[in-house]
Visitor: 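Sharing a structure here in structure tokens format.
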Amino acid sequence: MERHAALLVASGGFAGALSRHAVAVVLAESFPWGTLAVNVVGAFALGLFVYRTRERGRVSDRTRLAVSTGFVSSFTTYSTFASETVALDPALAAINVVANYALGLAAVLVAREVVRWHS
């Protein structure tokens with residue numbers, strides 16, 4: 001990996017991780033709301049980026065690295081989702097799994113419709 005590419009990923013990742021931490025601090029801890037929120041918002045953001053790129057043409061590799069590989073990848077957290085789910089009682093764990101995957105998929109589909117609507 002080129003040094004410049006690594007810096008783009010690192011800078012996007014730094015901003016994404018800080019944003020995720022801010023969401024986790026703001027939301028209550030009785031249920032992993034923070035992780036659910038960042039995963040759904042991140043799925044929506046990545047959906048916007050991917051579909052908008054398809055509609056408007058290619059984005060630079062630098063932008064792709066900073067936005068999708070750096071920021072969105074650090075903002076979302078499926079590893080935290082997995083560890084938090086294991087710590088929940090079985091009924092809440094099932095709700096958490098369904099919520100993360102269903103709402104994440106719905107967020108991508110909404111992003112696709114938003115891009116189509118603005119095109």
Side-chain angles (χ1 to χ4, degrees):
M1 179 186 307
E2 297 176 29
R3 183 175 37 175
H4 189 73
L7 289 173
L8 287 168
V9 172
S11 62
F14 179 74
L18 282 179
S19 299
R20 176 166 50 111
H21 177 69
V23 171
V25 167
V26 168
L27 296 178
E29 296 180 16
S30 60
F31 184 80
W33 295 112
T35 302
L36 176 62
V38 297
N39 286 341
V40 173
V41 171
F44 179 77
L46 188 59
L48 280 179
F49 185 77
V50 167
Y51 286 111
R52 189 166 180 97
T53 300
R54 282 188 186 168
E55 291 289 325
R56 301 224 171 168
R58 180 173 158 73
V59 298
S60 71
D61 288 342
R62 298 163 76 184
T63 300
R64 184 183 50 76
L65 284 171
V67 173
S68 64
T69 306
F71 182 82
V72 175
S73 294
S74 292
F75 184 66
T76 59
T77 175
Y78 280 91
S79 57
T80 301
F81 155 69
S83 66
E84 289 173 343
T85 300
V86 169
L88 294 171
D89 74 62
L92 287 177
I95 291 169
N96 196 38
V97 168
V98 170
N100 270 272
Y101 285 106
L103 294 175
L105 179 60
V108 171
L109 294 174
V110 169
R112 181 180 69 182
E113 294 308 311
V114 167
V115 170
R116 285 181 178 168
W117 182 62
H118 281 278
S119 296

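This is a predicted model, so every value here is computed, not measured.
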Visitor: Do V50 and L103 belong to the same hydrophobic cluster, where Ile, Leu, Val, Met, Phe, Trp and Tyr are linked whenever their side-chain heavy atoms lie under 4.5 Å apart, directly or via other members?
Guide: yes
Visitor: Grab the two heavy atoms, one from V23 and one from A37, that are nearest each other, plus how far apart they are.
Guide: CG1-CB, 4.1 Å
Visitor: Could you go through the side-chain contact (heavy atoms from CB on, under 4.5 Å) check for V97 and F81 one step at a time?
Guide: CA-CA 8 Å; V97 168; F81 155 69; 4.1 Å; yes
Visitor: Tell me the closest heavy-atom pair linking G47 and A111, and the distance in Å.
Guide: C-CB, 3.6 Å
Visitor: From the options L36, V41, T35, select the one residue that forms a side chain to side chain contact (heavy atoms under 4.5 Å, CB included) with N39.
Guide: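 With N39 as partner, side chain to side chain contact (heavy atoms under 4.5 Å, CB included) holds for just one option, T35.
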Visitor: Starting from L27, can I reach I95 by hopping between I/L/V/M/F/W/Y residues whose side chains sit under 4.5 Å apart?
Guide: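 Result: yes, single cluster for both.
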Visitor: Check the surroundings of atom OH in Y78: do more than 12 heavy atoms from other residues, nucleotides or ligands lie under 6.0 Å from it?
Guide: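 Yes, OH of Y78 has more than 12 neighbouring heavy atoms, counting only those of other groups under 6.0 Å.
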Visitor: Is there a side chain to side chain donor-acceptor pair (under 3.5 Å) between S60 and T63 once you walk through the steps?
Guide: CA-CA 5 Å; S60 71; T63 300; 2.9 Å; yes
Visitor: Taking side-chain hydrogen bond (donor to acceptor under 3.5 Å, both in side chains) as the definition, give me every residue that meets it alongside H4, ordered by chain and number, with sequence neighbours left out.
Guide: R62
Visitor: Between T85 and N96, do the side chains contain a donor N or O and an acceptor N or O under 3.5 Å apart?
Guide: yes
Visitor: Out of the candidates L48, V38, L46, only one should pair with V72 under the side chain to side chain contact (heavy atoms under 4.5 Å, CB included) rule; please name it.
Guide: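 Option passing the side chain to side chain contact (heavy atoms under 4.5 Å, CB included) with V72: L46.
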Visitor: Between T76 and G42, what is the shortest heavy-atom contact and its length?
Guide: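 Minimum heavy-atom separation between T76 and G42: CG2-CA, 3.5 Å.
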Visitor: Using a 6.0 Å cut-off, check whether atom CZ of R52 has over 12 heavy atoms from anything other than its own residue.
Guide: no
Visitor: First locate atom CD of E84, then atom CZ of F31, and finally report the distance between them rounded to the nearest 0.5 Å.
Guide: 9.0 Å
Visitor: I need the F71 CZ to S11 OG distance, nearest 0.5 Å.
Guide: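 Taking CZ in F71 and OG in S11, the distance rounds to 11.5 Å.
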Visitor: Mind listing the closest non-hydrogen atom pair of A43 and G104 along with its distance?
Guide: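 Looking at all heavy atoms of both residues, the shortest contact is CB-O, 3.5 Å.
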Visitor: Say whether, by atom type as modelled, one donor and one acceptor occur between the side chain of S83 and the main chain of T80 under 3.5 angstrom.
Guide: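 Side chain of S83 to backbone of T80: a pair is present.
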Visitor: Hey, what do you get for CZ (R112) to CD (E55), rounding to the nearest 0.5 Å?
Guide: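 Rounded to the nearest 0.5 Å, the CZ-CD separation comes out at 11.0 Å.
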Visitor: Would you find a donor on one side and an acceptor on the other, under 3.5 Å apart, between the side chain of R20 and the backbone of T77?
Guide: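 A pair under 3.5 Å: no.
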Visitor: Rounded to the nearest 0.5 Å, how far does CZ of R64 lie from CZ of F49?
Guide: 8.0 Å
Visitor: If you measure from CG on N100 to CG on L105, what distance do you get to the nearest 0.5 Å?
Guide: 12.5 Å
